[in-house]
Amino acid sequence: MWRYVLRRLLQAIPVFIGTTLLIYAMVFALPGDPIQALAGDKPIPETVRQTLRERYNLDDPLLVQYGKYMLGLLQGDLGENYTGQKVSEMLSGRWGVTIQLALTAWIFELVVGIGLGVWAGLRRGKLADTLVLGGTTLMIAVPVFVLGYTAQILLGVHWSIFPTAGTDDGWPLSYLLPGMVLGSLGLSYVARLTRTSLAENLRADYVRTARAKGLTRARVVGRHTLRNSLIPVVTYLGVDFGTLMGGAIVTEGIFNLPGIGQQVFQSIQLKEGPVVVGAVTVLVLIFLLVNLVVDLLYGVLDPRIRYE
């Protein structure tokens, strides 16, 4: 297995380089002068402008800028924004908020999504199945900002079930409502994946054999069928955790959560490319690490899988 882990880590290197280079190019291709954005509508002396452009390598070719960024990254340096602040320091206080939000949404997807999927899969074609398919289709169709504001007004303002904004109540109370909003789309896909996979496996030969041996329905479903059915679900959940980390911009904005998503949004408005690139670089690393863990979990769920 260690050879497999090493091979996967080596394969992740070109993926990481290609992804970060693409992000770097897209961010620094945005129109506008980031130095001028520091002063707003006020004029900047040409000598000051030139000094700042030289300090932040803005006049270098793209590949040269990227090469210098990667050299700093290898030393643990995410760079500075255009006011001299360390990107790592700007982000350090915000990672906890985004991780707690993403983890809350991920647990919501895992528990409720798999539960609904099992409920529907065991009752395929019946009322429960129709309700799950209809409800998940509705959640997929509703944009997250519509769902977020609606949930905030109804559950937060009118009914006072959850806090409406901020992190004053700590985890998990402050993160329950935004976590459910953020995880609603993923929950729909998890439920549908679980339902489809479970329904297919219930018709497999090994299930009929297990039933013929006299095993109880609970043992057939819990120990045999569900375990194999979770392989595509685990794949999706692993990929989606990285998506939740990077896709929290809208949710953090609605619920006023001071996380990475809010910082990235503000940095895009201020044309602070180093902050955007630094945050996304860490998110890419998290995404690659989670995918490696998911690959290793395949062997736990299905012993037939071997790492060769």
Side-chain angles (χ1 to χ4, degrees), residues 94-121 128-198 226 230 232-265 283 286-287 290 294:
R94 294 177 175 265
W95 282 113
V97 173
T98 298
I99 290 174
Q100 290 178 85
L101 174 61
L103 186 60
T104 304
W106 192 80
I107 293 174
F108 179 61
E109 291 181 13
L110 174 70
V111 176
V112 181
I114 292 179
L116 290 175
V118 171
W119 187 47
D129 189 24
T130 304
L131 289 175
V132 171
L133 290 177
T136 53
T137 301
L138 180 63
M139 281 196 289
I140 292 172
V142 177
V144 66
F145 60 87
V146 175
L147 182 62
Y149 282 120
T150 302
Q152 188 179 48
I153 292 172
L154 292 179
L155 300 178
V157 177
H158 289 329
W159 298 336
S160 301
I161 299 175
F162 300 102
T164 56
T167 59
D168 292 341
D169 294 292
W171 191 88
L173 191 58
S174 295
Y175 296 88
L176 285 176
L177 187 56
M180 288 189 290
V181 171
L182 180 61
S184 60
L185 180 62
L187 178 147
S188 303
Y189 289 127
V190 168
R192 296 170 79 93
L193 270 174
T194 305
R195 176 256 181 198
T196 302
S197 184
L198 182 62
L226 183 59
L230 287 180
V233 179
V234 168
T235 302
Y236 177 81
L237 285 170
V239 173
D240 196 48
F241 185 77
T243 304
L244 292 172
M245 289 284 293
I249 294 178
V250 175
T251 308
E252 289 183 359
I254 293 173
F255 293 95
N256 194 28
L257 300 177
I260 295 298
Q262 187 185 78
Q263 179 66 66
V264 169
F265 181 72
L283 291 175
I286 294 174
F287 188 85
V290 170
V294 169

- Exceeds 12 heavy-atom contacts within 6.0 angstrom, atom CH2 of Trp95: yes
- Kindly check if the number of other-residue, nucleotide or ligand heavy atoms within 6.0 Å of CZ (Phe265) is above 12?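 Counting other residues, nucleotides and ligands, CZ of Phe265 stays at 12 neighbours or fewer.
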So [Y] and [X], do their side chains get closer than 4.5 Å, heavy atoms only?
X: Leu182; Y: Thr104; value: no
X: Phe255; Y: Leu101; value: no
X: Leu257; Y: Thr167; value: yes
X: Leu110; Y: Val190; value: no
X: Thr136; Y: Arg195; value: no
X: Gln152; Y: Ile254; value: yes

Roughly how far, to the nearest 0.5 Å, is the [atom2] atom of [Y] from the [atom1] atom of [X]?
X: Tyr149; Y: Leu154; atom1: OH; atom2: CG; answer: 14.5 Å
X: Trp171; Y: Gln100; atom1: CH2; atom2: CD; answer: 7.5 Å
X: Trp119; Y: Asp129; atom1: CH2; atom2: CG; answer: 9.5 Å
X: Thr98; Y: Leu283; atom1: OG1; atom2: CG; answer: 8.0 Å
X: Ile107; Y: Leu237; atom1: CD1; atom2: CG; answer: 11.5 Å
X: Ile260; Y: Ile99; atom1: CD1; atom2: CD1; answer: 8.0 Å

Taking every non-hydrogen atom, the tightest pair across [X] and [Y]:
X: Arg94; Y: Gln262; value: NH1-OE1, 3.2 Å
X: Ala191; Y: Leu116; value: CB-CB, 4.2 Å
X: Leu230; Y: Ile114; value: CD2-CD1, 4.0 Å
X: Asn256; Y: Ala165; value: CB-CB, 4.1 Å
X: Ala120; Y: Ala128; value: CB-O, 4.5 Å
X: Leu185; Y: Tyr236; value: O-OH, 4.5 Å

- For Phe108, side-chain contact (heavy atoms from CB on, under 4.5 Å) partners two or more places apart: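 If we apply the side-chain contact (heavy atoms from CB on, under 4.5 Å) test to Phe108, skipping adjacent residues, the hits are Val112, Met180, Leu187.
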- Message: Walk me through whether Glu109 and Leu244 qualify under side chain to side chain contact (heavy atoms under 4.5 Å, CB included).
- Response: CA-CA 11 Å; Glu109 291 181 13; Leu244 292 172; 3.7 Å; yes
- Query: Is a side-chain N or O of Ser174 found less than 3.5 angstrom from the main chain of Asp169, in a donor-acceptor match?
  - Reply: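 Yes, Ser174 side chain to Asp169 backbone: donor-acceptor pair under 3.5 Å.
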- So, Ser184 side chain and Val181 main chain: donor-acceptor pair closer than 3.5 Å or not?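 Side chain of Ser184 to backbone of Val181: a pair is present.
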- Message: Evaluate Val118 against Leu198 for side chain to side chain contact (heavy atoms under 4.5 Å, CB included), listing each step before the verdict.
- Response: CA-CA 7 Å; Val118 171; Leu198 182 62; 4.1 Å; yes
- Query: Can you name the residues that form a side-chain hydrogen bond (donor to acceptor under 3.5 Å, both in side chains) with Thr137, not counting sequence neighbours?
  - Reply: Arg192
- Message: List the residues meeting side-chain hydrogen bond (donor to acceptor under 3.5 Å, both in side chains) with Ser188, not counting sequence neighbours, and say none if there are none.
- Response: none
